[in-house]
Number of protein chains: 2
Amino acid sequence: MSQTVDRALSILPLLAEGPADLGQVADRLGVHKSTALRLLRTLHEHGLVYRQSDQRYRLGARLFALAQEAMENLDVREIAHPHLVRLNESCGHTVHLAVYEENEVLYIDKVESRYPVRMYSRIGKPVAITVAAVAKLLLADLPEHERRAIAEKLDYPTYTSRSTPNAGAFLRELEKVREQGWATDLGGHEESINCVAAPVRGADGRVVAAMSVSAPNVVVTADELLTLLPLVRRTADAISGEYSGRTPVKGTE
Amino acid sequence: MSQTVDRALSILPLLAEGPADLGQVADRLGVHKSTALRLLRTLHEHGLVYRQSDQRYRLGARLFALAQEAMENLDVREIAHPHLVRLNESCGHTVHLAVYEENEVLYIDKVESRYPVRMYSRIGKPVAITVAAVAKLLLADLPEHERRAIAEKLDYPTYTSRSTPNAGAFLRELEKVREQGWATDLGGHEESINCVAAPVRGADGRVVAAMSVSAPNVVVTADELLTLLPLVRRTADAISGEYSGRTPVKGTE
DNA sequence: AGCGGTGTTGCATTTCTTGCAACATTCATT
DNA sequence: AATGAATGTTGCAAGAAATGCAACACCGCT
């Protein structure tokens with residue numbers, strides 16, 4: 001834990017909220033202006049921070065480039081993508097791919113619904129961890145004590161009347177998901193949106209990612225969406241096969 | 001220039017090349033292992049670095065979330081405004097900035113002409129989507145199927161004899177605009193008004209906004225207006241550069 | 001010109017980082 | 001099983017590097 005670096009890095013999320021000037025940064029860090037200036041300069045030299053024409057600072061292009069590379073290193077995504085597209089082509093709904101990392105579940109890929117009514121979500125955005133179908137799958141695969149530890153620490157926001165209310169309910173849900181090998185979110189995050197999800201497993205059988213199909217009530221009912229479950233599971237299994245090197249990749253020479 | 005932060009940040013591009021273990025990081029930084037360890041720990045706490053199961057480090061998903069958040073909070077208008085004003089000062093005509101959103105193209109900023117004869121338009125008002133130069137640029141950047149879907153659904157009002165008559169003509173026009181990287185509206189909306197427009201692009205090259213210069217015939221002919229094209233494009237490029245954080249650093253050392 | 005706000009620099013102080021060396025841990029080899 | 005090598009981790013003393021201060025420079029404003 002290096003104090004200087006810690007302070008410098010604390011600037012990043014702060015600037016992610018929007019541009020800020022030197023004084024604001026210094027205030028929020030609780031340091032002298034000159035200190036903030038020098039930290040910002042260093043960040044600037046590395047391209048992580050950019051100074052716009054009104055002298056205010058914001059996050060810089062380098063960060064985007066790094067993020068890009070970071071994402072490419074998560075190679076599940078690369079392998080999964082064509083499968084997600086194919087699934088979208090056959091059902092038309094929004095398809096998501098998510099991974100668990102450091103107490104968060106993040107969407108790392110998305111294929112947009114071909115229906116006019118779409119669900120809001122963005123790649124890179126943390127998922128509503130207590131209700132999302134993909135989150136349930138990813139957490140359900142963790143060792144029991146870890147699962148418990150996380151469940152205790154989480155907040156359980158009541159997005160809708162069907163949201164997971166507390167740690168106990170969540171752990172029971174995870175147990176169920178773990179056994180059945182798939183998960184749903186029926187209006188737990190947004191009243192009118194349902195999801196079905198299935199896990200992607202690595203060579204060792206551990207869940208490395210989860211994918212889901214989401215659609216609003218106005219397009220298909222929850223029951224209709226559930227009929228897609230076999231297809232979703234088959235897709236997830238295909239990705240697992242390829243990811244774990246079990247299925248040979250075709251057409252590369 | 002803070003040495004500690006400088007070293008810590010140097011780790012990021014290094015890890016972008018691929019996962020590395022403590023020793024490798026220390027070597028490439030030219031510091032003692034324990035130093036590298038402490039830097040990595042700090043980066044880890046901020047989620048910028050992730051430790052995979054084989055103990056090696058790689059870039060973390062938080063980078064991604066930060067970049068995403070920054071994108072969402074970026075305000076094109078704020079960045080573009082001073083450029084629009086400068087353009088207006090040098091040519092005197094009305095300058096517009098527009099974005100595409102939900103099947104509509106909206107003006108989000110405007111600098112009034114300094115000539116007595118002005119064109120009518122309002123910020124926040126939907127643009128005549130089938131003829132406006134800015135609309136052409138914004139739609140031309142959408143994926144092919146989406147472009148087609150929208151073109152089919154639109155009405156094609158005959159504002160003037162030069163208005164885009166139907167979906168076919170519109171799609172051909174979009175194709176042309178897409179290739180040449182700029183657009184015009186020569187009397188397509190109001191007989192006596194011409195526009196030249198250029199796109200503003202984000203870091204990923206996608207068109208995030210479009211800007212235009214408009215002037216009535218009575219002030220300048222269409223040909224005269226077209227001579228402004230290079231200036232308009234340069235302005236749009238300057239905005240793009242600043243928006244995407246690409247613009248090189250000025251005079252700080 | 002004068003004034004408030006903001007950004008920038010030189011310097012003395014002291015905190016925080018650093019490298020070292022010893023220790024812990026994992027894993028392969030005998 | 002025991003040994004050894006390779007890698008990761010911690011406590012500590014030395015000193016290098018970050019900090020805050022105060023003074024200065026640079027706007028835009030009235």
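Heavy atoms only: backbone and side chains are in, while hydrogens, waters and symmetry mates are out. It should be emphasised that the depicted structure is a prediction, and the values quoted were computed from it without experimental measurement. Within every chain, numbering begins at 1; the chains are lettered A, B, ... in the order of the sequence lines, protein sequences first and strands thereafter.
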If you only use heavy atoms from C-beta on, which nucleotide in [options] is closest to the side chain of [X]?
X	options	value
B/Ser2	C/dG19, C/dG7, D/dA18	D/dA18
A/Thr4	D/dT19, C/dG7, D/dA17	D/dT19
B/Tyr57	D/dT19, D/dT9, C/dT18	D/dT9

> Toward the 5' end of DNA chain C, which comes first, A/Leu37 or B/Gly30, by nearest nucleotide?
Replying inline: A/Leu37
>> Tell me every residue that passes ring-ring contact (aromatic ring centres under 6.0 Å, His included) with A/Phe64, counting only those two or more places apart in sequence or in another chain.
In response: none
>> With the threshold set at under 4.0 Å for non-hydrogen atoms, list the residues of residues 5-29 of chain B touching DNA chain D in residue-number order.
In response: B/Asp21, B/Leu22, B/Gly23
> Out of curiosity, A/Met211 CE to A/Thr235 OG1, how far, rounded to the nearest 0.5 Å?
Replying inline: 5.0 Å
Enumerate donor-acceptor pairs with a distance under 3.5 Å from any side-chain N or O in residues 1-9 of chain A to protein atoms, sequence neighbours excluded.
unit_1 : atom_1 : unit_2  : atom_2 : d
A/Ser2 : OG     : A/Val5  : N      : 3.4
A/Asp6 : OD1    : B/His46 : NE2    : 2.5

>> Using C1' atoms of five pairs at each end, report the bend of the helix from C/dA1-D/dT30 to C/dT30-D/dA1 rounded to 10 degrees.
In response: 40°
> Which pairs count as salt bridge (Lys or Arg N to Asp or Glu O under 4.0 Å) when at least one residue sits in residues 10-27 of chain A, sequence neighbours excluded?
Replying inline: A/Glu17-A/Arg28
> So A/Tyr107 and A/His96, would you call those rings parallel, tilted or perpendicular, with 30° and 60° as cut-offs?
Replying inline: parallel
Pairs under 3.5 angstrom, nitrogen or oxygen only, protein versus nucleotides 21-25 of chain D, please.
unit_1 : atom_1 : unit_2  : atom_2 : d
D/dC21 : N4     : A/Ser34 : OG     : 3.4

